[in-house]
Amino acid sequence: MTSRLFPTPFGRVPHPDLLEARRTVVVPDGFAGYAGLLVTEKDGVRKTYTAFEPLTCGLADRYEDLTADGLWPLLEADDVPDIELVNGRGECFTFKDFLTSVFSMYPDRPHHQGGRELAIRRAQWRSAFLDALTDPAVSLLLDHNRRQDGSIPVGVMEWWVGRSPAHEIRHNCAVYSPRAAAKLLFEALVEGIPYLGVEPHVGEDAVPEVPVLYVDDDIVVVNKPSRLASVPGVRETISTLSILEKTYGPLRIVHRLDMDTSGVLLFARNLDAERSLHEVFRSGLAMKRYEARLTGVPNTTSGHITLPLALNRLDRPRQCVLLESETGKPSATDWELLRIEKDAKGHEKAIVSLWPETGRTHQLRVHCAHRQGIGLAIDGDSFYGPMGILAEVPGFRLCLHAAELTLPHPRTGVPVHFEAPSDFPVFEPWWE
């Protein structure tokens, strides 16, 4: 940690010094929840502060016993508590002030123009932000700001301790970014402290090659690399779309792959093709097969998984398992064992085929990792795998690949088939 800029803990692999400092942290017996540490420096002397946030909801034995209201209660404006906060400059403001600032970006609307839905969203956000006040990274930074002892924060990190909540996937001792609901609050508290933001995965000086599998007047089909976004976003301005448009002109989005997922990705080249392909995907006529390398070997060789998925309102874009009556969406995946490989230290890992019947966000990742799915995470998964955010180090990647896509051609209606073989790297399990 030689930089004088305080590195944000969101989407960033912790410095080795932080991982070493974690070894000295004593976790309470029987604890389950989030643990965190903050390292500060003053006059060349470093101090380590710790915080623990026990999980209050979600540690049921079955996800079927959980409700959306229990996990993510609504908080009305009249019920917002009076809590004083302090930023990095020592300036005081209230939690209500923070909410007012956030909501000013979303002005009120009449009920007939979405006002009712906006009121519900605000109640969800209030609850999420209040919950985020007890996030270890947030509480540690707030305590530091309140001390005003002249020390400089040099690093902060979080990890999970104990058994996983029933509705999601957490691994004991895995390092994670603070939950997404804490990000805006953390940014308000760090104001006044020079900090290092997260850089995009792909910069102007390292634009990857995107192999083209097929092109005609209606479609472009490519083999998307891992860690390249399908389309531009807030953080990732360089994407598969932006790279291809330099050669093929304006393209139209038909479907997407997660940034970390590699494989067959298709774009339309005109409006008629786009309309036809959207109908193909909506009607289930597009047949997709993925390949994944798991962190171990499953007890069976095939299966059918039907776990309903819901967005984790505290930690977007993470998904969780929840009953359909509690906002979960029906999701189904077929899978089959292809072969077993060994990693650099001789550990066996399964290569499986995955056929999603639905197309939910992170569906394959959750269906593999959840204990009521296959029960084994996809290798290199920073969201749901045992490495957590450490899987973001160079040389690692999510071992999930869109291997095959078959669908009717948008102009002729004749089935066309595209295939790209998987090429997963051999990981050195250095974290053991």
Side-chain angles (χ1 to χ4, degrees), residues 11-13 174 176-177 198-213 220-244 253-267 288-295 317-319 333 338 341 343-344 349-354 356 359-369 376-405 418-431:
R12 180 184 298 279
V13 177
Y176 298 105
S177 294
V198 179
E199 298 294 326
H201 282 92
V202 178
E204 295 286 350
D205 58 342
V207 178
E209 179 185 356
V210 180
V212 176
L213 302 176
V220 178
V221 185
V222 301
N223 182 10
K224 186 187 85 67
S226 177
R227 294 194 178 172
L228 176 66
S230 294
V231 297
V234 175
R235 174 179 167 186
E236 303 295 333
T237 57
I238 296 176
S239 67
T240 309
L241 178 66
S242 65
I243 293 171
L244 292 175
I253 303 159
V254 178
H255 69 129
R256 306 184 189 194
L257 296 177
D258 288 347
M259 185 177 69
D260 293 331
T261 303
S262 60
V264 180
L265 181 63
L266 179 148
F267 295 93
K288 296 174 282 186
R289 184 183 73 87
Y290 290 74
E291 288 186 11
R293 185 172 73 199
L294 306 181
T295 53
R318 286 181 68 99
Q319 304 293 305
T333 303
L338 285 177
E341 297 180 348
D343 67 13
K349 297 185 177 182
I351 305 294
V352 297
S353 282
L354 302 163
R360 310 301 181 195
T361 301
H362 292 183
Q363 174 179 319
L364 299 180
R365 298 164 75 166
V366 175
H367 279 186
C368 286
L376 292 167
I378 296 174
D379 216 7
D381 192 339
S382 61
F383 278 98
Y384 309 104
M387 286 184 65
I389 196 67
L390 299 186
E392 295 284 346
V393 298
F396 283 68
R397 58 154 289 187
L398 175 71
C399 291
L400 178 62
H401 179 78
E404 296 184 61
L405 174 64
F418 307 105
E419 185 172 357
S422 61
D423 184 21
F424 301 137
V426 177
F427 293 163
E428 286 283 353
W430 52 268
W431 61 92

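- Taking every heavy atom of both residues into account, Tyr290 and Leu257 meet most closely at OH-CD2, 3.6 Å.
- Pro386 and Ala377 make their closest contact through CD-CB, 4.1 Å (heavy atoms, listed as atom of the first residue, atom of the second, distance).
- Here the OG atom belonging to Ser230 is positioned 11.5 Å from the CG atom belonging to Leu266, to the nearest 0.5 angstrom.
- Not a single donor-acceptor pair under 3.5 Å links the side chain of Lys224 to the backbone N or O of Ala229.
- Scanning all heavy atoms of the two residues, the minimum distance from Gly388 to Ala174 falls at N-CB, 4.3 Å.
- If you take SG on Cys368 and CG on Leu354, they are separated by 4.5 Å, rounding to the nearest 0.5 Å.
- Of the possible donor and acceptor atoms, one in the side chain of Asp381 sits under 3.5 Å from a partner among the backbone N and O of Phe383.
- At a threshold of 4.5 Å between non-hydrogen side-chain atoms, the residues Leu228 and Ile243 count as touching.
- Ser262 is linked by a side-chain hydrogen bond (donor to acceptor under 3.5 Å, both in side chains) to Arg397, His401, counting only residues two or more places apart in sequence or in another chain.
- With rounding to the nearest 0.5 angstrom, the CG atom of Asp260 is 5.5 Å from the OG atom of Ser226.
- Of the N and O atoms on the side chains of Glu291 and Ser353, not one donor lies less than 3.5 Å from an acceptor on the other residue.
- Contact of the Leu390 side chain with the Phe396 side chain is not registered, since no non-hydrogen atoms from C-beta on lie closer than 4.5 Å.
- Using a 4.5 Å cut-off on side-chain heavy atoms (C-beta onward), Asn223 and Val264 make no contact.
- When all heavy atoms of Gly395 and Pro425 are compared, the closest pair comes out as O-CG, 4.2 Å.
- When Val222, Leu241, Val220 are each tested for a side chain to side chain contact (heavy atoms under 4.5 Å, CB included) with Val210, only one passes: Val222.
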Exercise. Check step by step if side chain to side chain contact (heavy atoms under 4.5 Å, CB included) holds for Phe424 and Asp379.
Key: CA-CA 10 Å; Phe424 301 137; Asp379 216 7; over 6 Å; no
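- With rounding to the nearest 0.5 Å, the separation of CZ in Arg365 from CD in Gln319 is 10.0 Å.
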Exercise. Decide side chain to side chain contact (heavy atoms under 4.5 Å, CB included) for Leu398 and Ser382; before the verdict, give the C-alpha distance in whole Å, the side-chain angles of both, and the deciding distance to 0.1 Å.
Key: CA-CA 8 Å; Leu398 175 71; Ser382 61; over 6 Å; no
Quiz item: Given Leu294 and Val352, is the side chain to side chain contact (heavy atoms under 4.5 Å, CB included) satisfied, shown in steps?
Solution: CA-CA 8 Å; Leu294 306 181; Val352 297; 3.9 Å; yes
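- A cation-pi arrangement is present between Arg318 and Tyr176 under the rule of less than 6.0 angstrom and at most 45 degrees off the ring axis.
- Residues forming a side-chain hydrogen bond (donor to acceptor under 3.5 Å, both in side chains) with Thr361 (at least two apart in sequence, or on another chain): none.
- Atom-to-atom distance recorded for His367:NE2 and Thr333:OG1 is 4.5 Å, nearest 0.5 angstrom.
- In this structure, CG in Leu405 is found 9.0 Å from CG in Leu265, a value given to the nearest 0.5 Å.
- Taking the side chain as every heavy atom from C-beta outward, Arg293 and Glu341 approach each other to under 4.5 Å.
- Qualifying side-chain hydrogen bond (donor to acceptor under 3.5 Å, both in side chains) partners for His362, counting only residues two or more places apart in sequence or in other chains: Tyr384.
- Salt bridge Glu392/Arg12: absent, no basic N to carboxylate O contact under 4.0 Å.
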